[in-house]
Participant: 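One structure follows; several queries about it will come next.
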2 protein chains.
Amino acid sequence: VIELRDVTRTYGMGDATIRAVDGVSLEVPDGQYVALMGTSGSGKSTLMNILGCLDTPTSGSYWLRGREVSRLDDDALAEIRNREIGFVFQSFNLLPRLTAQQNVELPLSYARVPPQERHRRAREALARVGLADRAEHRPTEMSGGQCQRVAIARALVVEPTLLLADEPTGNLDTATTEEILALLDELHANGLTIVLVTHDAEVGRRAERVVTMRDGRIVDDRTR
Amino acid sequence: VIELRDVTRTYGMGDATIRAVDGVSLEVPDGQYVALMGTSGSGKSTLMNILGCLDTPTSGSYWLRGREVSRLDDDALAEIRNREIGFVFQSFNLLPRLTAQQNVELPLSYARVPPQERHRRAREALARVGLADRAEHRPTEMSGGQCQRVAIARALVVEPTLLLADEPTGNLDTATTEEILALLDELHANGLTIVLVTHDAEVGRRAERVVTMRDGRIVDDRTR
Ligand SMILES: Nc1ncnc2c1ncn2[C@@H]1O[C@H](COP(=O)(O)OP(=O)(O)OP(=O)(O)O)[C@@H](O)[C@H]1O
Ligand SMILES: Nc1ncnc2c1ncn2[C@@H]1O[C@H](COP(=O)(O)OP(=O)(O)OP(=O)(O)O)[C@@H](O)[C@H]1O
Ligand SMILES: [Mg+2]
Ligand SMILES: [Mg+2]
């Protein structure tokens, strides 16, 4: 479902060029659960942004379900981002003036889901991450781990076919992490393709494949 | 150095009252290294904000080095916050329009340290967390773990006597986490009092004492 061919993403020019992603080729078959690991600054979030159609490579190509992403127009890209891909950001990116419920409903309004159904699905998504009682709270009225879970609920509410999660359990205690991983296992068993960035070896162990990055490159790739 | 007596912090009223911190009493002697652990939403960040003089309790009292904090005027509080306490926030709270160097210099300008010395100390603080080569980058031009390390450098640059760190390694890989913990061990050996919130049992093991919270209360407290 995912195919990156020699993808590079640089910042700056000349001596100051930073090769955030440096010639990465990667294939992820439909339904695979991949953990992306590596040192701080190794390029994981940059790669995730490219996979999520939020950033374009400096060179190389990205094929998502057989379509070359750089050839798609803005409408087609927006369609993919809103309906097919769920993205959990490393810094959550919740809208501070909206409640948890409203934040989770947002992708459904972009997908023009009618209000009744939107309210119900958002409420269920929040319940699945253990936050039914925080639906009316704004981000500043919730803990770090609660905000992270709202971001997860928001990514899952569109029922995506591809979940890109950038360190989704970084702010969660062991018990809550386990609940989220169990939820992901369940969705994976039902066909969800998952690429999950993590620094936690325990979380890495739950994936079927671990890809390791260093200095913008893939240095290890092992499947059980 | 720290004494909390029956501190409570609530939000809301009546049936909807949330007891974020619920009757917590805690004493931390000078130079102790404490890990604060507990489930998501258990009140750790709320307690840290009270300890850091960033929030006031709804009831109970907080004595910092023998002075009752609620009796202090704004100037005295600002003095303590800027010179004695280093605070690493769970969501970093870097200023997005300032570079890493400028972010780390900020507490030193509040403490009216002269420019030459400010530049030198900020540069050294960044070097100590492995980010000498990111000094001129803004937060949007750095990875999550790099931002977290800038937040740590900023907390340490004032050479505080009390470090309050809210999940300072949540976005760091194992190797980088080890570097930060080694740095904290070194500062602790030189007399720094540390209260560090973490979800990572490995990090908890580095502390001399682990205090565990649940539903706003302390439910476990063990010292090696
Ligand atoms: N402004 C607020 N209004 C209402 N409730 C709040 C507010 N701020 C925090 N809370 C609630 O207080 C409780 C404690 O929050 P706190 O941020 O201290 O938790 P935490 O232990 O740091 O959690 P985490 O590990 O997820 O960061 C949470 O249940 C949260 O929803
Ligand atoms: N806009 C930018 N300008 C310059 N350099 C950038 C920019 N954005 C990212 N970088 C650099 O690209 C590199 C990769 O960043 P990225 O966020 O992908 O790392 P990461 O693997 O996600 O790290 P972490 O584990 O700390 O989150 C970093 O060294 C970072 O400083
Ligand atoms: Mg990252
Ligand atoms: Mg917290």
Side-chain angles (χ1 to χ4, degrees), chain A residues 11-12 16 18 20 36-49 89-94 96 129-131 133-134 136-137 139-150 166-167 169-180 197-202 204 212-214 216, chain B residues 11-12 16 18 20 36-49 89-94 96 129-131 133-134 136-137 139-150 166-167 169-180 197-202 204 212-214 216:
Chain A
Y11 294 102
I18 289 174
L36 180 59
M37 304 187 70
T39 52
S40 175
S42 57
K44 307 178 297 295
S45 296
T46 306
L47 192 69
M48 294 289 275
N49 287 338
F89 293 88
Q90 191 168 0
S91 50
F92 322 151
N93 292 10
L94 300 179
V129 297
L131 290 177
D133 62 350
R134 289 287 181 274
E136 301 308 313
H137 285 230
T140 46
E141 298 168 338
M142 291 188 289
S143 77
Q146 289 166 346
C147 289
Q148 190 158 42
R149 284 181 277 159
V150 172
D166 199 343
E167 299 191 41
T169 62
N171 278 284
L172 302 177
D173 57 280
T174 327
T176 315
T177 295
E178 184 47 45
E179 285 168 33
I180 295 302
V197 172
T198 184
H199 284 309
D200 189 338
E202 281 303 319
T212 307
M213 288 184 74
R214 185 186 197 84
Chain B
Y11 294 103
I18 290 173
L36 181 58
M37 304 186 71
T39 51
S40 173
S42 57
K44 307 177 296 297
S45 296
T46 306
L47 192 69
M48 293 290 273
N49 288 337
F89 293 88
Q90 189 167 2
S91 51
F92 322 153
N93 292 11
L94 300 179
V129 296
L131 289 177
D133 63 350
R134 289 285 182 276
E136 301 308 312
H137 285 232
T140 46
E141 298 166 339
M142 290 187 290
S143 76
Q146 289 166 346
C147 289
Q148 190 159 41
R149 284 182 276 159
V150 173
D166 199 342
E167 299 190 43
T169 61
N171 278 284
L172 303 177
D173 57 280
T174 326
T176 315
T177 295
E178 183 49 44
E179 286 167 35
I180 294 301
V197 173
T198 183
H199 284 308
D200 189 340
E202 281 305 319
T212 307
M213 289 184 73
R214 186 187 197 82

Participant: What residues of residues 40-48 of chain A make heavy-atom contacts with chain B at a cutoff under 4.5 angstrom?
Facilitator: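 Expected list: A:S40, A:G41.
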Participant: Quick one: side chain to side chain donor-acceptor pair (under 3.5 Å) partners of B:E136, sequence neighbours excluded?
Facilitator: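 B:E136 satisfies side chain to side chain donor-acceptor pair (under 3.5 Å) with no residue once adjacent residues are dropped.
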Participant: Which atom pair, heavy atoms only, marks the closest approach of A:Q90 to B:N171?
Facilitator: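 Result for this residue pair: NE2-OD1, 2.9 Å.
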Participant: Tell me, side chain or backbone of A:T39 under 4.5 Å from chain B's heavy atoms, or both, or neither?
Facilitator: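 Its backbone and side chain both get close to chain B.
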Participant: Taking C-beta and beyond as the side chain, do A:M37 and B:T174 meet within less than 4.5 Å on heavy atoms?
Facilitator: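 No, every pair of side-chain atoms sits at 4.5 Å or beyond.
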Participant: Can you name the residues that form a side chain to side chain donor-acceptor pair (under 3.5 Å) with A:Q148, not counting sequence neighbours?
Facilitator: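 For A:Q148 there are no side chain to side chain donor-acceptor pair (under 3.5 Å) partners, ignoring immediate neighbours.
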Participant: Name the region of A:E167, side chain, backbone, both or neither, that has any atom closer than 4.5 Å to a heavy atom of chain B.
Facilitator: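 Side chain only.
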Participant: Heavy-atom pairs under 4.5 Å with chain A - which of B:T177, B:I18, B:D200 has more of them than the others?
Facilitator: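 Highest number of pairs under 4.5 Å: B:I18.
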Participant: Partners of A:E179 by salt bridge (Lys or Arg N to Asp or Glu O under 4.0 Å), sequence neighbours excluded?
Facilitator: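 So A:E179 forms no salt bridge (Lys or Arg N to Asp or Glu O under 4.0 Å) with any residue.
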